[in-house]
Protein chains: 2
Amino acid sequence: MKTVILIGALGKMGQAALTGLGNHKVITAGRSGDVDHIVDITNEQSIKDLYEKVGHFDAVVNTVGFCEYASFTEMTETQWMTTIMSKMMGQINLVRIGQEHIAEGGSFTLISGILNVKPIPFAIADATTSGAIDTFVKCVSLELPKSIRINVVNPTVLAEAWDVYGEMMPGFEPVPSALVGKAFERSVDGFITGEVLFVDA
Amino acid sequence: MKTVILIGALGKMGQAALTGLGNHKVITAGRSGDVDHIVDITNEQSIKDLYEKVGHFDAVVNTVGFCEYASFTEMTETQWMTTIMSKMMGQINLVRIGQEHIAEGGSFTLISGILNVKPIPFAIADATTSGAIDTFVKCVSLELPKSIRINVVNPTVLAEAWDVYGEMMPGFEPVPSALVGKAFERSVDGFITGEVLFVDA
């Protein structure tokens with residue numbers, strides 16, 4: 001049994017990840033609500049505080065990354081930077097700071113999203129930062145210390161979120177949360193590293 | 001004959017691009033030196049000023065994007081952000097602001113670099129932002145207005161820069177600037193869009 005920090009535990013993607021973490025001691029974290037620890041991944045100090053409060057842990061599973069949505073010609077630099085600071089720099093900081101605290105042989109599992117390989121309107125910032133994170137994971141896996149592994153889950157839309165996103169994603173087939181949970185499980189419990197785990201129908 | 005703004009014209013990559021732009025009127029730009037216009041791509045106002053001063057143009061070729069190099073465990077958030085603001089946000093801003101000014105049917109050609117597909121030590125920020133730009137170009141090509149095209153040249157190390165970078169890139173084969181120039185030419189003079197033009201040996 002591993003100690004796993006699950007960030008964004010109360011969200012739909014967090015709940016999906018949770019379905020794959022049944023064998024472990026899960027410590028929940030998020031920006032608000034009924035979680036074990038409050039954390040804001042856009043804030044370095046908040047990330048440090050989380051790791052220090054938890055103490056020993058074997059895995060970090062992140063399921064959050066805020067993105068702004070707008071057509072490219074309308075999207076402001078501020079909207080770009082909000083997206084970059086959360087979905088991209090926030091996740092990089094989780095690993096950068098976390099590699100000092102995580103146990104030998106631990107693992108990080110990040111989140112991207114299918115829109116970098118299946119683009120749709122209004123999602124250019126989401127797609128671009130997903131491309132950044134997929135690339136980051138593939139490359140940084142080669143230089144992490146302490147036998148730490150890292151992977152990223154790149155899912156299509158969840159069946160449980162189809163009522164919200166379905167209209168902007170014509171021709172997409174949602175996948176059940178439990179299938180996405182399998183990808184998180186494969187990352188946490190397997191020996192793979194540097195992989196983008198696509199979950200698509 | 002097209003009017004082409006070449007950013008980073010005095011650098012080695014700018015000189016490589018120039019070898020492919022012989023059929024055109026080239027307006028040179030860069031941060032300093034003997035160029036037609038001074039521009040800092042990390043500054044929105046500087047980008048706007050460049051486009052307004054030039055007036056009519058058919059193509060933008062960017063060959064600059066500053067990156068910090070360090071091992072992942074040593075790289076600070078500040079180093080990450082310096083890289084992101086130049087190579088990633090700077091290039092996105094060139095397109096975001098430029099699409100309002102560029103001629104109907106114009107083109108943007110950005111620069112990434114081979115390290116996102118052939119990782120090496122110390123280059124995680126370079127690789128990650130190259131992955132972001134490659135993704136950005138593929139996705140944004142689908143929503144640019146005015147029949148504007150966009151591509152990115154993703155070259156390996158230039159033969160002309162091998163004396164500087166060769167030692168950190170064991171097993172890489174440099175390519176001549178003239179071959180990289182062909183990729184810029186293919187982007188500016190062709191009808192392709194949304195493509196990552198890899199130039200590798």
Side-chain angles (χ1 to χ4, degrees), chain A residues 42-45 47 70-81 83-85 87-93 95-100 112 115-146 148 150 194 196, chain B residues 42-45 47 70-81 83-85 87-93 95-100 112 115-146 148 150 194 196:
Chain A
T42 68
N43 182 314
E44 277 189 284
Q45 190 58 50
I47 294 172
S71 69
F72 175 65
T73 58
E74 301 294 326
M75 189 171 283
T76 63
E77 185 178 70
T78 302
Q79 288 179 299
W80 272 102
M81 288 311 301
T83 306
I84 288 169
M85 293 313 290
K87 185 160 184 175
M88 183 176 169
M89 196 70 238
Q91 293 204 87
I92 291 170
N93 277 342
V95 182
R96 189 174 64 81
I97 298 164
Q99 54 86 21
E100 293 180 29
S112 58
L115 302 179
N116 61 326
V117 288
K118 290 185 169 177
I120 61 169
F122 306 109
I124 187 64
D126 182 335
T128 299
T129 51
S130 284
I133 288 298
D134 285 0
T135 304
F136 169 72
V137 164
K138 284 187 245 185
C139 295
V140 84
S141 67
L142 302 165
E143 60 170 311
L144 287 176
K146 301 190 295 186
I148 298 166
I150 184 168
V196 181
Chain B
T42 67
N43 181 313
E44 277 190 285
Q45 190 58 50
I47 293 172
S71 69
F72 174 65
T73 57
E74 300 295 324
M75 188 170 285
T76 63
E77 184 178 69
T78 302
Q79 288 179 299
W80 272 101
M81 289 311 301
T83 306
I84 288 169
M85 293 314 292
K87 185 160 186 175
M88 183 176 168
M89 196 71 239
Q91 293 204 87
I92 291 170
N93 277 341
V95 182
R96 190 174 63 80
I97 298 164
Q99 53 87 20
E100 293 179 28
S112 58
L115 302 179
N116 61 327
V117 289
K118 289 184 171 179
I120 62 170
F122 307 109
I124 187 65
D126 181 333
T128 300
T129 51
S130 284
I133 287 298
D134 285 0
T135 304
F136 169 72
V137 163
K138 284 188 245 184
C139 296
V140 84
S141 67
L142 302 165
E143 61 170 311
L144 287 176
K146 302 190 294 185
I148 298 166
I150 185 167
V196 181

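Here is how names work: the chains are called A, B, and so on, in the same order as the sequence lines, proteins then strands, and each is numbered from 1. Note that the structure is a prediction, hence the values are computed from the model and not measured.
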Can you tell which part of [X] gets under 4.5 Å to a heavy atom of chain B, answering side chain, backbone, both or neither?
X      : result
A/L115 : backbone
A/S71  : both
A/Q99  : side chain
A/E44  : side chain
A/I84  : side chain
A/M75  : backbone
A/V95  : both

Is the shortest heavy-atom distance from the side chain of [X] to the side chain of [Y] under 4.5 Å?
X      : Y      : value
A/N93  : B/W80  : no
B/M88  : B/T128 : no
A/S130 : A/D126 : yes

Determine the option with the most heavy-atom pairs under 4.5 angstrom with chain B, choosing from A/I97, A/N116, A/T129, A/L142.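 Ranked by contacts with chain B, first place is A/N116.
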With respect to chain B, which residue among A/T135, A/I120, A/V117 yields the maximal number of heavy-atom pairs within a distance under 4.5 Å?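 The candidate making the most pairs under 4.5 Å is A/T135.
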CZ of A/R96 to CD of A/Q91: how many Å apart, nearest 0.5 Å?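 The CZ atom of A/R96 sits 14.0 Å away from the CD atom of A/Q91.
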So how far is it from A/I133 CD1 to A/M89 CE, rounded to the nearest 0.5 Å?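 With rounding to 0.5 Å, CD1 (A/I133) is 9.0 Å from CE (A/M89).
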How close do A/F136 and A/I150 get, heavy atom to heavy atom, and via which atoms?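 Minimum heavy-atom separation between A/F136 and A/I150: CE2-CD1, 4.1 Å.
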Heavy-atom pair of closest approach, residues B/K138 and B/G194: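 Closest pair (atom of B/K138, atom of B/G194, distance): CG-O, 3.5 Å.
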Count the heavy-atom pairs under 4.5 Å between each of B/M81, B/E77, B/E143 and chain A, then report the option with the highest count.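 Highest number of pairs under 4.5 Å: B/E77.
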